[in-house]
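All remarks here apply to the structure that follows.
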There are 2 protein chains.
Amino acid sequence: MNLKELSDYLGLSQTTVSRALNGYPEVSEKTRRRVMDAARQHDYLPDARAKRLATGRAMAIGHLLPVSKEHEMVNPIFSDFLAGAGKRYAENGFDLVLSVVEDKDEAETYRDLARRGAVDGVVVHGPRINDERIALLTELGLPFVVHGRSSEVSTDYNWIDVNNRRAFARATAFLLDLGHRRIALLNGLAGMDFAARRFKGYQDGLHAAGLDVDPDIVSHAEMTETYGYARTNALLDLDTPPTAIIISSIIPAIGARRALGDRGLTPGKDISIVIHDDDLSYFRNDGDVPTYTATRSSVRAAGEETADMLLAAIREPHQPPRQLLLEAELTVGQSTGAAPAVRQLLKEG
Amino acid sequence: MNLKELSDYLGLSQTTVSRALNGYPEVSEKTRRRVMDAARQHDYLPDARAKRLATGRAMAIGHLLPVSKEHEMVNPIFSDFLAGAGKRYAENGFDLVLSVVEDKDEAETYRDLARRGAVDGVVVHGPRINDERIALLTELGLPFVVHGRSSEVSTDYNWIDVNNRRAFARATAFLLDLGHRRIALLNGLAGMDFAARRFKGYQDGLHAAGLDVDPDIVSHAEMTETYGYARTNALLDLDTPPTAIIISSIIPAIGARRALGDRGLTPGKDISIVIHDDDLSYFRNDGDVPTYTATRSSVRAAGEETADMLLAAIREPHQPPRQLLLEAELTVGQSTGAAPAVRQLLKEG
DNA sequence: GCATTTTCCCAAAGCGCTTTGAGAATTGGA
DNA sequence: TCCAATTCTCAAAGCGCTTTGGGAAAATGC
């Protein structure tokens with residue numbers, strides 16, 4: 001059943017039926033009700049293709065899932081983010097279109113989406129330092145929100161980010177308070193903006209205590225379990241291994257834990273671990289006392305906020321760019337404890 | 001630049017330009033080349049909205065991401081699956097539309113997608129036993145492929161599945177060969193078809209050795225880390241704890257490992273673990289000797305196969321349904337070893 | 001050389017909606 | 001009662017493509 005058939009059936013013009021269904025005021029309540037009832041009864045829903053052409057809007061938001069040829073890695077937080085954002089899109093009648101694309105084709109894909117009119121806006125994931133996508137999208141005039149921020153980009157744009165710097169400064173300070181002096185950082189991929197901010201926070205924390213960063217115990221890589229395992233082993237093999245490790249995600253933390261297990265070491269006792277926890281739905285760091293001490297910020301909630309922001313930006317294109325900075329909470333779990341020296345002192349009374 | 005402008009510029013009709021771009025034979029090679037060059041030069045790409053209306057095809061595939069209100073759980077294998085499928089869609093000029101939807105609204109969403117003409121086909125994820133979505137989609141005439149199968153559905157339909165039954169029978173037999181007699185099963189959610197098949201395989205393995213299933217050491221739940229942890233603790237607290245555990249996914253296996261760690265137990269030595277490994281990109285079970293002994297089948301590869309199958313089904317609607325059964329490989333890792341009794345015997349020579 | 005194909009291109013009619021610009025029908029005011 | 005204002009409804013023109021049904025020009029066959 002299409003609009004023509006429905007209006008023929010009702011003895012009304014297509015105009016009136018369309019207006020009744022879309023809530024325009026030019027139609028009497030009586031008629032509107034009659035139209036709505038008939039639509040429901042006949043299972044009528046306007047053809048999305050026709051509606052899109054007629055309105056010029058796609059009623060869809062684009063997300064690019066970049067898949068690099070080399071590492072073949074999909075960001076594990078992606079699905080939780082999509083769950084959050086997609087929920088909001090659905091509530092607002094928008095579709096979510098997901099483009100799986102190789103890193104190198106990303107710019108071209110944005111161009112295509114814009115020219116084809118396939119989406120009304122896009123979300124930019126995983127911004128790098130001085131990310132060129134921001135200039136591109138601004139030039140294309142395609143509304144967008146960045147999940148994260150991009151340092152060294154001078155123009156103003158919509159973004160939503162966790163206060164990574166403060167979170168990691170707090171995590172560092174927390175470990176310092178426990179007496180740790182040699183604290184390693186297992187960070188995300190170099191070049192990623194969030195990783196740079198987390199490093200800065202870590203550095204802030206150390207500096208505040210009069211300490212300097214030791215580059216030997218700072219590393220950057222894609223956040224896989226394997227990375228956590230290998231890197232933790234390497235750290236433990238050092239002449240003076242760290243007494244604590246800050247890890248950028250729960251996934252490499254699993255690997256770190258495995259490395260400790262291999263050596264019969266216990267987190268929280270033999271070595272302290274603080275993680276950044278995105279609160280992944282299949283990997284909850286909870287329980288009476290959470291497994292890990294963590295700076296926590298729900299990526300799913302971030303997805304919801306991102307969607308709201310983008311929909312607002314599409315609705316009101318002439319408003320100034322919007323920004324939202326979320327604070328992570330620092331929750332204490334089982335994976336941290338006093339540094340060995342402090343422990344010794346305490347024991348000696 | 002739209003088609004009209006492009007054809008005006010070229011001094012050709014819209015018909016000719018459209019045909020030239022879409023590879024129809026009614027246009028001379030010389031003209032085609034001229035059109036193609038001009039299109040490239042002016043960055044012309046046909047408007048997706050108009051194309052969709054004119055052709056009646058959506059050039060898009062739908063995936064539902066079901067998010068249950070209660071458990072708020074997103075399947076962690078989802079993103080890898082999408083990465084695989086989405087790659088193929090992109091190669092074939094299709095978009096991927098992702099609908100985040102509450103469990104209870106799933107049927108309605110399929111109806112909407114079909115009526116609105118928003119997609120040309122859909123992928124059904126996580127089929128349950130006697131899944132009603134299959135009948136619904138058949139009735140709607142919306143092409144679909146099920147990732148998995150649904151027992152007790154009598155009609156024929158497109159599916160692609162891992163041979164879960166055989167994989168779990170092999171895993172069980174493998175553990176039996178190592179001397180294990182008390183083997184626990186940490187399965188997926190009851191009601192899921194894959195979980196039922198895995199249970200059957202487990203049962204097959206035990207029966208073949210003249211053993212029976214002990215329901216006390218079989219459990220069904222959503223495959224989270226927390227589940228693996230809690231359940232492993234419960235198993236170890238039994239009067240006669242199992243000497244081996246088969247775990248349906250790497251995620252709960254992490255939890256199991258954590259439970260073992262808490263007690264100072266080592267996988268492969270104190271207790272054996274076999275997992276089913278979906279080969280998640282951020283959670284590779286590899287290395288010189290993989291961490292886990294596993295039945296492995298790449299969910300990403302399954303995504304690619306599913307996409308190919310669905311695109312073929314859309315292209316050739318009158319072909320009979322297609323099916324593909326993938327075998328999992330059994331790879332030996334560090335998490336399995338001889339059962340205590342056997343170990344004792346071997347030691348005694 | 002003429003009739004017949006074949007090649008190449010075009011005008012116009014959709015696809016199923018929204019939206020513009022007006023025209024009936026109704027209501028209210030004097 | 002008549003006229004103006006308001007309310008309700010409609011015909012028709014798009015939106016930017018594809019595709020049908022021809023028709024002119026060029027190539028072929030006799």
Side-chain angles (χ1 to χ4, degrees), chain A residues 1-36 38-39 42-60 93-95 112-120 315, chain B residues 1-36 38-39 42-60 93-95 112-120 315:
Chain A
M1 158 106 21
N2 60 23
L3 183 62
K4 183 168 187 317
E5 289 161 11
L6 183 64
S7 40
D8 285 354
Y9 166 82
L10 284 163
L12 291 168
S13 74
Q14 295 189 34
T15 308
T16 303
V17 175
S18 172
R19 284 189 165 149
L21 292 172
N22 290 309
Y24 282 81
E26 296 94 336
V27 63
S28 72
E29 266 318 305
K30 201 181 102 205
T31 306
R32 187 190 307 283
R33 193 162 319 277
R34 202 160 71 87
V35 171
M36 299 279 254
H42 291 82
D43 243 25
Y44 171 77
L45 223 53
D47 185 291
R49 295 170 292 229
K51 189 162 191 160
R52 284 170 171 152
L53 179 58
T55 59
R57 280 171 301 151
M59 293 304 282
F94 276 70
D95 283 341
D112 284 7
L113 288 173
R115 280 197 309 240
R116 289 166 50 217
V119 298
D120 299 314
R315 244 191 324 266
Chain B
M1 159 105 23
N2 60 23
L3 182 62
K4 184 169 185 315
E5 289 160 12
L6 183 64
S7 39
D8 285 355
Y9 167 82
L10 284 163
L12 290 168
S13 74
Q14 296 189 34
T15 309
T16 303
V17 175
S18 171
R19 284 189 165 152
L21 292 172
N22 290 308
Y24 283 81
E26 296 94 336
V27 60
S28 73
E29 267 318 306
K30 202 180 101 203
T31 307
R32 186 190 308 281
R33 191 162 321 275
R34 201 161 72 89
V35 170
M36 299 279 254
H42 290 83
D43 245 24
Y44 170 77
L45 223 53
D47 185 291
R49 296 169 292 230
K51 190 161 190 159
R52 285 170 171 152
L53 179 58
T55 59
R57 281 169 301 149
M59 292 307 282
F94 277 71
D95 284 342
D112 284 7
L113 288 173
R115 280 198 309 240
R116 288 167 48 217
V119 298
D120 298 316
R315 243 191 325 265

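Note that CG of B:D95 and CG of A:D95 are 10.5 Å apart. Values are rounded to the nearest 0.5 Å. Atom CZ of B:R52 is separated from atom CE of B:M59 by 8.5 Å, given to the nearest 0.5 angstrom.
Checked by atom type and distance alone, the side chain of A:R116 never pairs as donor or acceptor with a backbone atom of B:L45 at under 3.5 Å.
Atoms CG (B:D8) and P (C:dC10) sit 11 Å apart, rounded to a whole Å. One interatomic measurement links the two molecules: CD of A:E26 to C1' of C:dA24, which rounds to 16 Å at whole-angstrom precision. The separation between B:L21 atom CG and D:dT19 atom P is 13 Å, rounded to whole Å.
Residues A:A58 and A:D120 share a closest heavy-atom pair of N-OD1, 2.9 Å. Nearest heavy atom pair, residue B:A60 against residue B:F94, reads N-CD2, 3.5 Å.
Pairs engaging residues 15-35 of chain B under the ring pair (Phe, Tyr, Trp, His ring centres under 6.0 Å) rule: none recorded [sequence neighbours left out].
Not one side-chain nitrogen or oxygen of B:Y24 sits closer than 4.0 Å to the OP1 or OP2 atom of D:dT18.
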The contact string for nucleotides 10-17 of chain D, one letter per nucleotide 5' to 3', using protein heavy atoms under 4.0 Å with B, S and - for base, sugar-phosphate only and none, comes out as BBB-BBBB

